[in-house]
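Residue numbering restarts at 1 for every chain, and letters A, B, ... go by the order of the sequence lines.
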Number of protein chains: 2
Amino acid sequence: FLASHFTIQAQDPLPSWNDGPAKQAIVEFVQKTTTEGSPQFVPLTDRIATFDQDGTLWVEHPMYSQVMYCLEQVPAVVKAKPELKNVEPFKMVLTGDFAVIAKLPKKELIKILEATLTGMSVEQFQADVKKWLATAKHHRWQRPYNDLTYLPMQEVLEYLRANGYKTYIVTGGGQDFVRVYAKQTYGIPTEQVVGTAGGTKYGYEKDGKPFLTKEPRLLLNDDKAGKPEGIHLMIGRRPHAAFGNSDGDRQMLEYTKAGDGARLCMLVFHDDADREYAYGPAQGLPATKVGAFTQALYDEAQKDGWTVISMKNDWKRIFSFDE
Amino acid sequence: FLASHFTIQAQDPLPSWNDGPAKQAIVEFVQKTTTEGSPQFVPLTDRIATFDQDGTLWVEHPMYSQVMYCLEQVPAVVKAKPELKNVEPFKMVLTGDFAVIAKLPKKELIKILEATLTGMSVEQFQADVKKWLATAKHHRWQRPYNDLTYLPMQEVLEYLRANGYKTYIVTGGGQDFVRVYAKQTYGIPTEQVVGTAGGTKYGYEKDGKPFLTKEPRLLLNDDKAGKPEGIHLMIGRRPHAAFGNSDGDRQMLEYTKAGDGARLCMLVFHDDADREYAYGPAQGLPATKVGAFTQALYDEAQKDGWTVISMKNDWKRIFSFDE
Ligand SMILES: [Ca+2]
Ligand SMILES: [Ca+2]
């Protein structure tokens, strides 16, 4: 009684959330895992929470931000290597016609990703991403991408950290890409970003200074089964809470839920075409290639006791710039 | 003046160190990087220190502890697969004749490593290592391996952490192996152990519970150039301090030293046959296959301003059980 009374009295840690089962699930999880003497108490060192990024922490439609980065880097790539000007898919991307570019076959897209994500030094890549982020804008909102993080999820990150949880990003996106802005955008340091990762190669500049070059060699495809594998590789312990939004997060949530004691598994469901986007194909929403949430995932959530967050019903505000 | 005066007054953070250039280098580094207003002040979030394990934090002679683990697991492996009883190298290892076993060619040793480090679930492996650690003893001291950590280095770990440094192990040893005992032995959580790492494979038990199986697929050989590569992969930032003891640490120290501002690079030199071991081949000490410290490394240390720690001269006590 005292514990819950205290919570009612205390300032609401999740002011952008409507009262409902999703908000309640988060608050109850934090209370029972952090209250000394609670049968489901989790020691400080075991408080690990993992968050998918695209579609869970920020907007992923109509296209992942990292893909936008790669496409928008193409002019610079062609400037450095003019021989690519008339070579596909570079030629087509240079037209800037996004309706056409959106239909690039995966094989062609990979050529763009390789040309813009590998071959340069780690420092050069970081500088390029930083520069892009400072000027690039999402086409719909005409705002920088890191304005487009979900305020309710930022509150969850803060709330968990205030209660001793170490918050990780576990993303299918590029680890090096997300690390550039994770601290500034989410308060998450580089070592707590697990993502799709390629190898690097150690070498020396002419003056003897060592540096690392980004290689196309894939070490970790941090999607689907790659998420628990990445969590094991980079964290080494099972999370107590995991947040995702698509079929790519299924295994991460299963792995989290299979641990002993209290576990919190949540999926953001994009059912709000007015304020953001609506896509499934779960529950009859339009299908998508970017962040699909299938009916099978929806059914598994019901069956396994994961909570589906309805963007439309559970979130009072979506962005910090919303009225 | 005030800062150094305060330090003289305060309790000595490194009581097992003799006064000398090594101890002085550590104390000065901590002071100048953590004193507000110091021109070499390092913000809290950038305070990263990396430590090699074998030969830097604990004894590595006559053989790496993990290799001892693998060899001592062979009877259990053969019990589970009796057909291996008469197959080399298992047959030879079963004799328990360590003089012979020590001469196993690398190709044969790898068969032992694969059989004892891969193929099982992550949980099973952790349980096996835990069980081994509780009973295994180092032949010379007849003590558990985690008694054989160097007290002066434990003091450095504590001292750095007390000053806001995040301490990492960056080891050529198996990441999963070291993680089992790193918290208990060094106060270092699993996510701060970077080591040689293999892939895992996600699957389901009969009851649907997901688990990860350790695979022989190598992701990271965390030795030599693999150390900075592993640091980039797992930490994502350049350390401000790095500690090693052999040629396998050269690139980690170069990479650390090449950063801006104050950097501390140190190498433990095993020149104390009485209290521990003496091996080089640097400075005319006997050559070894286990943790070689070459003259070239010694020379690079002098040239680049790294500090060589003389176990004999710099360490008052080596183990916590020393008088
Ligand atoms: Ca996602
Ligand atoms: Ca070593």
Side-chain angles (χ1 to χ4, degrees), chain A residues 45-46 48 122-123 126 166 168 175-176 178-180 182-183 189-195 197-205 207-215 217-220 224-238 250-259 304, chain B residues 45-46 48 122-123 126 166 168 175-176 178-180 182-183 187 189-195 197-205 207-215 218-220 224-238 250-259 304:
Chain A
T45 51
D46 288 336
I48 306 272
V122 163
E123 269 85 4
Q126 290 166 341
K166 217 162 167 174
Y168 282 82
Q175 184 165 286
D176 284 344
V178 179
R179 280 175 169 178
V180 173
K183 183 80 187 170
T190 55
E191 63 269 30
Q192 286 163 227
V193 176
V194 179
T200 54
K201 195 175 162 58
Y202 187 79
Y204 302 92
E205 288 173 27
D207 65 1
K209 194 180 165 172
F211 71 102
L212 295 168
T213 302
K214 284 170 68 61
E215 293 192 307
R217 182 169 51 97
L218 185 70
L219 291 183
L220 174 67
K224 301 194 166 74
K227 290 209 173 192
E229 292 160 20
I231 288 169
H232 176 69
L233 177 68
M234 307 275 298
I235 310 176
R237 285 173 294 154
R238 204 186 287 260
R250 185 168 67 84
Q251 289 86 345
M252 176 169 75
L253 270 63
E254 288 173 348
Y255 182 66
T256 300
K257 188 74 181 180
D304 280 10
Chain B
T45 51
D46 288 335
I48 305 271
V122 162
E123 270 84 4
Q126 289 166 340
K166 219 163 163 173
Y168 281 82
Q175 183 165 287
D176 284 344
V178 179
R179 280 174 167 178
V180 173
K183 182 79 188 171
T190 54
E191 63 270 29
Q192 285 163 230
V193 176
V194 179
T200 54
K201 195 176 161 57
Y202 187 78
Y204 302 92
E205 289 173 25
D207 64 1
K209 193 180 166 172
F211 70 103
L212 295 169
T213 302
K214 284 171 68 61
E215 292 192 308
L218 186 70
L219 290 184
L220 174 69
K224 300 195 168 72
K227 289 206 174 192
E229 292 161 20
I231 287 169
H232 176 68
L233 178 67
M234 306 277 297
I235 308 176
R237 283 174 294 154
R238 204 186 288 260
R250 184 168 67 85
Q251 289 86 344
M252 175 168 77
L253 268 64
E254 288 172 348
Y255 182 67
T256 299
K257 188 76 181 178
D304 281 10

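Shown here for A/H232 and B/D176, the closest heavy-atom pair between the two residues is NE2-OD1, 2.8 Å. In this structure, B/R237 and A/P189 approach most closely via the heavy-atom pair NH2-CB, 4.1 Å.
At a 4.5 Å heavy-atom cutoff, the contact between A/Q175 and chain B is made by side-chain atoms alone. Both the backbone and the side chain of A/T200 have a heavy atom closer than 4.5 Å to some heavy atom of chain B. There is no contact between A/E205 and chain B, counting heavy-atom distances below 4.5 Å. Contacts of A/K183 with chain B are made by side-chain atoms alone, with heavy-atom separations under 4.5 Å and no backbone atom involved. Only the side chain of A/Y204 comes within contact range of chain B, with at least one heavy atom under 4.5 Å from a heavy atom of that chain. Neither the backbone nor the side chain of A/V194 comes within less than 4.5 Å of any heavy atom of chain B. Proximity to chain A is limited to the side chain of B/Y168, based on heavy atoms less than 4.5 angstrom apart. Heavy-atom distances place the side chain of A/K166, and not its backbone, under 4.5 Å from chain B.
Using modelled atom types, no side-chain atom of B/Y202 and backbone atom of A/P228 make a donor-acceptor pair closer than 3.5 Å.
For the side-chain contact (heavy atoms from CB on, under 4.5 Å) criterion with A/L233, the lone passing option out of B/L219, B/L220, B/L212 is B/L219.
Contact annotation: the side chain of A/M234 never approaches that of B/E191 to less than 4.5 Å [non-hydrogen atoms, C-beta and beyond].
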